[in-house]
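Values below: all heavy atoms of this structure, side chains included; hydrogens, waters and symmetry mates excluded. Everything numeric here is computed off the predicted structure, so don't read it as measured data. Residue numbers start at 1 and run along the sequence shown.
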Amino acid sequence: MSTVAEKVNALAKDRKFTLRRADYIFERILAKTDKFLVYDTQSKQKPLYTIPEDRFEEEWTHSSVIRLTKLPNDETKIKELLDAFAIRKEIDYEACSHLLSFYDQGLIQYGEDVYYATRYDDPCRDFDYWISVDHQGLEIEALDAFRLARGCLEAFSYLEENGFVLTQFDDKNLYVGSFSEDRGNFFRIMFKGHKDKSAPFNGLARRHRFSPPETETTDIYKSYAFSVGLMIVYSILQTNNKGADVPNNLYADTSKLPELIKTAVDLCYKEGKEKPENKELFKVFLEDLLETDVKKRRSPKELLTYKWIIESDKLDYEEYQRELEENERAKQKEKEEEEKNKFN
């Protein structure tokens, strides 16, 4: 019987393994099971502490993590891991920034054990953490809802147009990051799937809080879009202390949806909180996003053309520009203070 190392070597032919253990600082364990470890890492070539403060924004790249999976003595499972990475590397991550980028893979041997290593963007936080910890005492605002919707819909649209089949989308596969302490969140999905459209699909079989009404579909991205709508409604109500009003099994009985949509819109666009002219646009967007008939439901690409998305995108950019100007003013003030202190 061949060893794990022998099986890996046979399957590794014509595949690139460029990740080397010696190139990274393994700082701390972020996740651990009996099958894998996920480490927070830094590049040894340019650790964070070597970057001058005034060049940090230019030289710092988004942090990445390394996942080490102990390889079983099973040729089929080893091949599945290697094939999954090969599919992920076909994705143009620059064209779709709302998917977690995968960078490189490698093999690390400890004694008799062989570990398969993959490096990808730091997932940061998941959806539940974003609501329960990041927004503890803070309400989800319209721009938060926009960023969530845009991130997911743009990812779905890219995957659909390029023939990728995402086999899992739920609150456990939606990750939230932040550009900085002063910037809004961005949302990313980890691609788990394949490109075989003829393969049987049962991704909707497991029912969860954000499942769509249908259990079978010929258009998975319309089904996933419905889940995004439920996530938006739940996050708004949950951060307004009304999360208990959202049933755990809305997919089984959607009769409460119209009322929940109205409540979410009213909470998000309280008087004086957001631009009132966008309130009705948000309601129309949510109603179509949460259309219970999958045949009538809009596609992700169509939903991205809605006026609420377009108007929110403008507001998001305006906010970004304001933050840049505020940061520049703060830096200028700091320099002036330093100059003044030189003569004291």
Side-chain angles (χ1 to χ4, degrees), residues 126-132 135 139-140 142 144-146 148-153 155-157 159-160 165-176 187 189-193 197 199-269 282-304 306 308:
D126 64 15
F127 176 76
D128 183 63
Y129 190 97
W130 177 63
I131 293 173
S132 59
H135 280 83
E139 298 170 0
I140 295 292
D144 295 315
F146 158 71
L148 196 166
R150 179 186 59 183
C152 293
L153 295 176
F156 298 157
S157 184
L159 292 172
E160 184 172 27
V165 180
L166 181 68
T167 54
Q168 181 195 337
F169 178 73
D170 53 31
D171 53 317
K172 304 302 180 187
N173 194 25
L174 178 62
Y175 300 97
V176 190
F187 294 82
I189 297 165
M190 180 185 287
F191 178 73
K192 302 176 181 180
K197 290 187 176 181
F201 178 76
N202 61 355
L204 303 181
R206 185 183 70 83
R207 310 307 272 163
H208 54 86
R209 180 191 286 273
F210 305 111
S211 287
E214 63 273 9
T215 55
E216 294 182 358
T217 182
T218 56
D219 194 332
I220 58 168
Y221 294 110
K222 281 187 177 182
S223 297
Y224 292 155
F226 187 94
S227 294
V228 172
L230 287 186
M231 288 178 180
I232 290 171
V233 168
Y234 176 73
S235 62
I236 293 170
L237 269 69
Q238 177 67 13
T239 56
N240 280 275
N241 300 313
K242 292 181 177 290
D245 293 350
V246 184
N248 289 332
N249 62 340
L250 261 175
Y251 54 82
D253 180 6
T254 58
S255 59
K256 285 192 174 183
L257 258 183
E259 179 189 341
L260 291 171
I261 290 171
K262 182 181 182 305
T263 301
V265 172
D266 288 343
L267 288 170
C268 216
Y269 284 86
F282 185 42
K283 182 172 180 288
V284 170
F285 174 78
L286 271 186
E287 287 173 342
D288 284 4
L289 184 64
L290 288 165
E291 166 60 58
T292 56
D293 185 341
V294 69
K295 292 180 180 177
K296 295 179 182 178
R297 198 177 304 152
R298 302 290 185 180
S299 70
K301 189 172 183 178
E302 291 171 322
L303 289 162
L304 285 167
Y306 272 50
W308 180 75

In terms of relative ring orientation, are [X] and [Y] parallel, tilted or perpendicular, with 30° and 60° separating the classes?
{"X": "Trp308", "Y": "Phe146", "result": "perpendicular"}
{"X": "His135", "Y": "Trp130", "result": "perpendicular"}
{"X": "Tyr224", "Y": "Tyr221", "result": "perpendicular"}

Query raised in the report: Going through the checks in order, is the side-chain contact (heavy atoms from CB on, under 4.5 Å) test met by Asp245 and Thr263?
Result: CA-CA 10 Å; Asp245 293 350; Thr263 301; 5.8 Å; no
Report summary line: When every non-hydrogen atom of Phe226 is compared with those of Pro212, the smallest separation belongs to CD2-CA, 3.5 Å
Query raised in the report: Is there a donor-acceptor contact under 3.5 Å from the side chain of Asn173 to the main chain of Met190?
Result: yes
Report task. Please check if the side chain of Glu259 supplies one atom and the backbone of Lys256 the other of a donor-acceptor pair under 3.5 Å. Result -> no
Report summary line: Only residue of Lys222, Arg207, Arg297 satisfying salt bridge (charged side-chain N to carboxylate O under 4.0 Å, His left out) with Glu214 is Arg297
Report task. Indicate yes or no: at least one non-hydrogen side-chain atom of Asp253 is less than 4.5 angstrom from one of Tyr251. Result -> no
Query raised in the report: Side chains of Ser223 and Phe169: closer than 4.5 Å at any heavy-atom pair?
Result: no
Query raised in the report: Rounded to the nearest 0.5 Å, how far does CD1 of Ile232 lie from CG of Leu148?
Result: 5.5 Å
Query raised in the report: Can you name the side-chain hydrogen bond (donor to acceptor under 3.5 Å, both in side chains) partners of Lys301, sequence neighbours left out?
Result: Glu161
Query - More than 12 heavy atoms of other groups within 6.0 Å of Lys192 NZ - result: yes
